[in-house]
Every structure is written in structure tokens, then in C-alpha cells.
Enquirer: 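Structure provided below as C-alpha cells; questions to follow.
Heavy-atom basis, side chains included; hydrogens, waters and symmetry copies ignored. Numbering of residues begins at 1 and proceeds along the displayed sequence.
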Amino acid sequence: MAQRSITKTIKRDSHGVKMSLGYRITDVIIYTLMGVVGAITLLPFLYVIAGSFATDKELTERAFFIIPHVWSLNAYKYAVNEGNILMGLWNSIKLTVLGTIVNMALSASFAYPLSKKHFRGRNFFLNMVIVTMLFSGGLIPTFMVIKAYGLYDSYWALILMGAISPFNMIIIKNFFQELPAELEEAALMDGASEIKIFLQIVLPLSKPVLASIALFYGVGHWNDYFSAMIYLQTPTKYTIQIMLRNIILKASTISDLVLDYYDSNGVPPDKAVKMATTVIATVPILVVYPFVQKYFTKGVMVGAVKG
């Protein structure tokens, strides 16, 4: 009877491995804790989304809510009418796409020869890359270089200044080193050149790390605020981050008479506009995550292997 009861407590998981009652209880506890942590992480963002659709009166009276009592689009109307949001979004999209393409092209091209142990001068160039991770020229010398090359008030100042991230390049290099050397040897025996091997063999096999690093570069360009504030002067070139800053500053100083135009319940949109601009700046880049999620974990973990 005892043996039969023990057998009943044993089940199999999705891979066919037997799981005892203790393992199942542990899984329930782990999933419960992860669900609580996920909810704690998600609730502030849900509050920001709900607050962007709420009135300033409700934001003042209620400390926390997920569903507003009164739905209002006044904050978004104010942001669109006063801040040229669409132009800022388009500028950020152009900068992010172009910058990510340049970053990936240069980083992958630089990482490939450094991944070859027989490459002469490999350690020298690798040490030079590591030095740039520890020291930089500083803000004023960098500004002078940008100005001297005629890149001021140009998107190229934001792209070329950080065209290669040493950390990201090293991750790509480590991933390239983990690829089977037999594939390249077979290609060389068939008469393929190094460029053909790189483009047709190495890059297709490196989709996980390339997708992960492209996401890092893209998020960096999208969220770049300080560099855009320094190197962009023409208002029509401002990115979404600069536009949102201007909207928040304008909303915090605008008079109550003008604000009554947007909200009949009191004073919007000082708090609501801040939340609406947060949503506007965050949601577009979040849309990209589902397309690279399957590559993300594998690319980072494999590329992080010491090489």
C-alpha cells in the first residue's frame, strides 16, 4: 500500500521526467513568487498608463489606481497639439534605424577578425578596445571634434560618436568564436573567400546574438537624450526625447486659464502629461521586443562565454 501511494504522488513533466510531489510543490511556490514579482514590476507601468488617461483631479485624490473613474484624452491632445510629437517620433525612428544599421555593420565587421586566434595583432587591437571602455576623451574634446568635422547639428554626430560599443562588440566576438571551425574550413576548401564566409555562413548562424545586440543599440539610440540635446540645434531635427522634455516644461508653466481648455474638471495636465509622455516614449520601443525575444536569452548567454 505504501509503495502504491508513493507511485501515485509521482508524475511526469513535459519532457517525460518523473516528478515527485515535493518537486511539484516547489514548482508551485516558484511560479507563485515569480508571478508576484512580475505583478510588482508591471503595476507601476499600468498605473502610468491609467494616469495618462485620467484627470489631474483624480491623480491628486487617488494614490494608486489601475482604472480611472473618468477617462480623458486631454493629456495626449495637449502633447500632440503643443509638442510636434509625430515629427519627434519620425526623427527618432530614422535615427534609431540608421544608427542601429551602422552600429551592427561596424561591430560585426570588427568582431569577426578579432574572433580568429591566428589573426596577427589580435591581442593588440583587443587591448585597444578594452582601453576605450576605461577611458574617454571627455565632453569638451568630443564636442570640439564633432564641431571640427562639420557634424554639429547632424544625426551623424549621434551615430558616429558611438558607432561601436566595445562591450557589445566583445559579446559578438565571443559568439563568433563559439561557431564550429569546421564550417569555415569546409568553405575555404570549396574556394569561398573570407568575406563570403562572413556574409553567408557566420552572420546567418549568428542571428541570436545579432538580434540581441541590435536591440541594445536600438534602445540606446531611442533613449538618447543628452547627446541629442548637445549636438542638435534645429527644432525640426529634435528627437522624441527632446520633444517630450519641452512638452513637460511647457505643461508645468502653462497658465490655468489655458489648461481649462483641455479639462473641465479642474487642472490637467501637469501630472497626466508626464505620464502620457512616458507612455509615448516607451510603447514604440516595447513593440520591438516580441520580435527578438526568442533570440534574446540565447544570444546574450552564448555571447557571454569567456573567449
Side-chain angles (χ1 to χ4, degrees), residues 14 23-83 85-86 88-89 92-93 96 211-212 214-226 239-252 254 259 262-301:
S14 59
Y23 281 109
R24 292 163 57 195
I25 294 175
T26 303
D27 286 344
V28 172
I29 295 175
I30 293 175
Y31 288 135
T32 302
L33 291 177
M34 294 302 296
V36 173
V37 173
I40 293 174
T41 305
L42 187 60
L43 284 176
F45 188 66
L46 294 178
Y47 171 67
V48 170
I49 295 177
S52 66
F53 291 99
T55 62
D56 199 68
K57 178 181 178 181
E58 186 171 1
L59 287 171
T60 304
E61 295 176 351
R62 300 177 65 187
F64 180 83
F65 57 90
I66 300 299
I67 301 177
H69 290 159
V70 179
W71 290 83
S72 174
L73 294 175
N74 292 329
Y76 291 97
K77 291 179 181 178
Y78 177 82
V80 173
N81 293 336
E82 302 294 334
I85 287 293
L86 297 180
L89 285 172
S92 290
I93 291 173
T96 300
S212 302
L215 180 62
F216 290 156
Y217 277 127
V219 172
H221 284 297
W222 184 269
N223 292 332
D224 188 13
Y225 161 74
F226 187 70
T239 61
I240 185 64
Q241 307 300 334
I242 303 297
M243 294 291 189
L244 297 182
R245 170 184 175 273
N246 294 338
I247 291 172
I248 292 175
L249 292 177
K250 192 172 183 180
S252 61
I254 197 168
L259 289 173
Y262 293 95
D263 194 345
S264 60
N265 294 321
V267 183
D270 185 13
K271 294 181 180 178
V273 163
K274 293 179 181 179
M275 295 185 177
T277 52
T278 301
V279 174
I280 293 172
T282 305
V283 170
I285 200 65
L286 286 179
V287 175
V288 182
Y289 276 92
F291 298 98
V292 296
Q293 183 179 7
K294 61 180 180 179
Y295 301 113
F296 189 78
T297 304
K298 182 180 178 182
V300 174
M301 294 301 295

Enquirer: For the OG1 atom of T239 and the CD1 atom of I93, what is their distance to the nearest 0.5 Å?
Expert: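 Nearest 0.5 Å value for the OG1-CD1 distance: 12.0 Å.
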
Enquirer: Hey, what do you get for CE (M275) to OG1 (T278), rounding to the nearest 0.5 Å?
Expert: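 The CE atom of M275 sits 8.0 Å away from the OG1 atom of T278.
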
Enquirer: Not counting sequence neighbours, list each pair that qualifies as a salt bridge (charged side-chain N to carboxylate O under 4.0 Å, His left out) and has a residue in residues 62-74.
Expert: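 Pairs touching residues 62-74 that pass the test: E58-R62.
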
Enquirer: Is it true that a side-chain atom of S52 and a backbone atom of I49 form a donor plus acceptor pair closer than 3.5 Å?
Expert: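 Confirmed, S52 side chain pairs with I49 backbone.
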
Enquirer: Hey, could you give me the CG/OG1 distance between L46 and T41, rounded to the nearest 0.5 Å?
Expert: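 So the CG of L46 and the OG1 of T41 are separated by 11.0 Å.
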
Enquirer: Could you tell me whether the side chain of W222 and the main chain of A281 form a donor-acceptor pair under 3.5 Å?
Expert: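 Yes; judged by distance alone, with no hydrogens or angles, the pair exists.
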
Enquirer: Roughly how far, to the nearest 0.5 Å, is the CG atom of L89 from the CG atom of L244?
Expert: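 Reported to 0.5 Å precision, the distance equals 8.0 Å.
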
Enquirer: Considering residues at least two apart in sequence or located in another chain, which fulfil the ring-ring contact (aromatic ring centres under 6.0 Å, His included) criterion with F65?
Expert: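 If we apply the ring-ring contact (aromatic ring centres under 6.0 Å, His included) test to F65, skipping adjacent residues, the hits are Y47.
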
Enquirer: Excluding sequence neighbours, so at least two apart, what forms ring-ring contact (aromatic ring centres under 6.0 Å, His included) with Y76?
Expert: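 Residues passing ring-ring contact (aromatic ring centres under 6.0 Å, His included) with Y76: F53.
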
Enquirer: Are more than 12 heavy atoms, taken from residues, nucleotides or ligands other than F64, located less than 6.0 Å from that residue's CZ atom?
Expert: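 Yes, CZ of F64 has more than 12 neighbouring heavy atoms, counting only those of other groups under 6.0 Å.
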
Enquirer: About how many Å separate CD1 of I240 and CG of L86, when rounded to the nearest 0.5 Å?
Expert: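 Here the rounded value is 8.5 Å.
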
Enquirer: With rounding to the nearest 0.5 angstrom, report the OG1 to CG distance, T282 to N223.
Expert: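 That separation rounds to 7.5 Å.
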
Enquirer: Step through the shown structure and confirm whether more than 12 heavy atoms of other residues, nucleotides or ligands are within 6.0 Å of CG on L42.
Expert: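 For L42, atom CG is crowded (more than 12 foreign heavy atoms under 6.0 Å).
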
Enquirer: At their closest point, which heavy atom of A54 faces which heavy atom of L59, and how far apart are they?
Expert: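 Heavy atoms only, the tightest pair is CB-CG, 4.4 Å.
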
